[in-house]
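Notes for the one structure printed next.
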Amino acid sequence: MGTTAYEHWIRDFEAARRKRAERGDPEWRTGVPLHPAIRRSVQRFQVGEDGDGAELITKAEAAGDAEYASAVRMFVAEERNHARLLALLLASGGAPVIASHWSDRVFVTLRRALGLRLELLVLMIAEVVALRYYRALRDGADDALTREVAGRILADEERHVPFHCHRLRRALRPLPPPVRVLVTSGWRAALAAVALVVAVDHGPALRRLGVGRGRFVAEVVRSSGPVAATMR
């Protein structure tokens, strides 16, 4: 019997879940207070990871592919775990989570107003930006606990991007090639704009992590080329 379209991804999510269970949580008692700029930045990203994912799950179920819907539920569970890890990282340094941030409200509003295909395109903007952010946090944070938490989240995000690319490639396939190019070019332009906003909003933290605003934007935009090609 051949492998179905999402069987591989389900196995991948299940393997990651087993690995997390075997590994357990980081040692939170080793936490230290975060630098104020890093703390504010992490608080904002924690809000972004903390959505319940119900809208995405509903749209995935409505698409009529039970295996895809199952994989999406596993993806949402991993995102919720990211929010949990970031909240515990903040708590270990004596910092609270925040209730909301304007950037998250904008993304949530956009995603909920769109169909599955367009919601995934918006979601992929956040995922590709997150790849560079968590890499900067992993490589530039002063303390080992922050680097460990960022590394765990980054490893998940590096799996999430190909998962969503797989779905978007199937979703865009019926479109004529010039339209696919137009869609992915527009996606890259929107990503560049969002990366610029993130660089401005998180500029003090990025500088503390050794990544200037310009470098952050340039590297996000550069990384989007192969992602857009895969979606096409």
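Worth knowing before you read on, the calculation uses all heavy atoms, side chains too, and leaves out hydrogens, waters and symmetry mates. Numbers here are sequence positions counted from 1.
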Keeping the roles fixed (side chain from R232, backbone from V181), state whether a donor-acceptor pair exists under 3.5 Å.
no

same_hphob_cluster(W28, L34) at 4.5 Å side-chain heavy-atom cutoff:
yes

Please find the pair of heavy atoms, one from L145 and one from S92, that lie closest to each other, and give the distance.
CD2-OG, 3.5 Å

State, to 0.1 Å, how close L90 and P96 come at their nearest heavy-atom pair, and which atoms those are.
CD1-O, 3.9 Å

Side chain of R213, backbone of L196: donor and acceptor closer than 3.5 Å?
no

Side chain to side chain, Y133 and V220, heavy atoms closer than 4.5 Å
no

Starting at NE2 of H35, measure out to CG of L209 and round the result to the nearest 0.5 Å.
10.0 Å

Exam field: side chain T58 to backbone A54, donor-acceptor pair closer than 3.5 Å:
yes

Looking only at side chains, do H82 and D156 share a donor and an acceptor under 3.5 Å apart?
yes

Quick check: does any side chain N or O of Q43 sit under 3.5 Å from a backbone N or O of V97, one acting as donor and the other as acceptor?
no

NZ/NE/NH1/NH2 to OD/OE distance under 4.0 Å, E148 and R152
yes

Please give me the minimum heavy-atom distance between A5 and H166, naming the atom from each residue.
O-NE2, 3.3 Å

Here the pair of heavy atoms bringing E67 nearest to I10 is O-CD1, 3.6 Å

Tell me, do L172 and T184 make a side-chain contact under 4.5 Å, heavy atoms counted?
yes

Please verify the inter-ring angle class for Y68 with Y6; under 30° counts as parallel, over 60° as perpendicular, anything in between as tilted.
tilted

Any sub-3.5 Å donor-acceptor pair from R159's side-chain atoms to W9's backbone N or O?
no

Do you know the tightest heavy-atom contact between A63 and L116?
CB-CD2, 4.0 Å

Knowing that exactly one of V149, T30, V32 qualifies, which makes a side chain to side chain contact (heavy atoms under 4.5 Å, CB included) with D143?
V32

Ion pair R135/E157, N-O distance below 4.0 Å:
no

Mark yes or no for whether R138, through its side chain, and A150, through its backbone, hold a donor-acceptor pair below 3.5 Å.
no

Tell me, with the steps shown, if H202 and F216 meet ring-ring contact (aromatic ring centres under 6.0 Å, His included).
CA-CA 10 Å; H202 296 259; F216 180 84; 8.2 Å; no

Side-chain (W187) to main-chain (L121) donor-acceptor, under 3.5 angstrom
yes

Close side-chain approach of V72 to F163, heavy-atom, < 4.5 Å:
yes

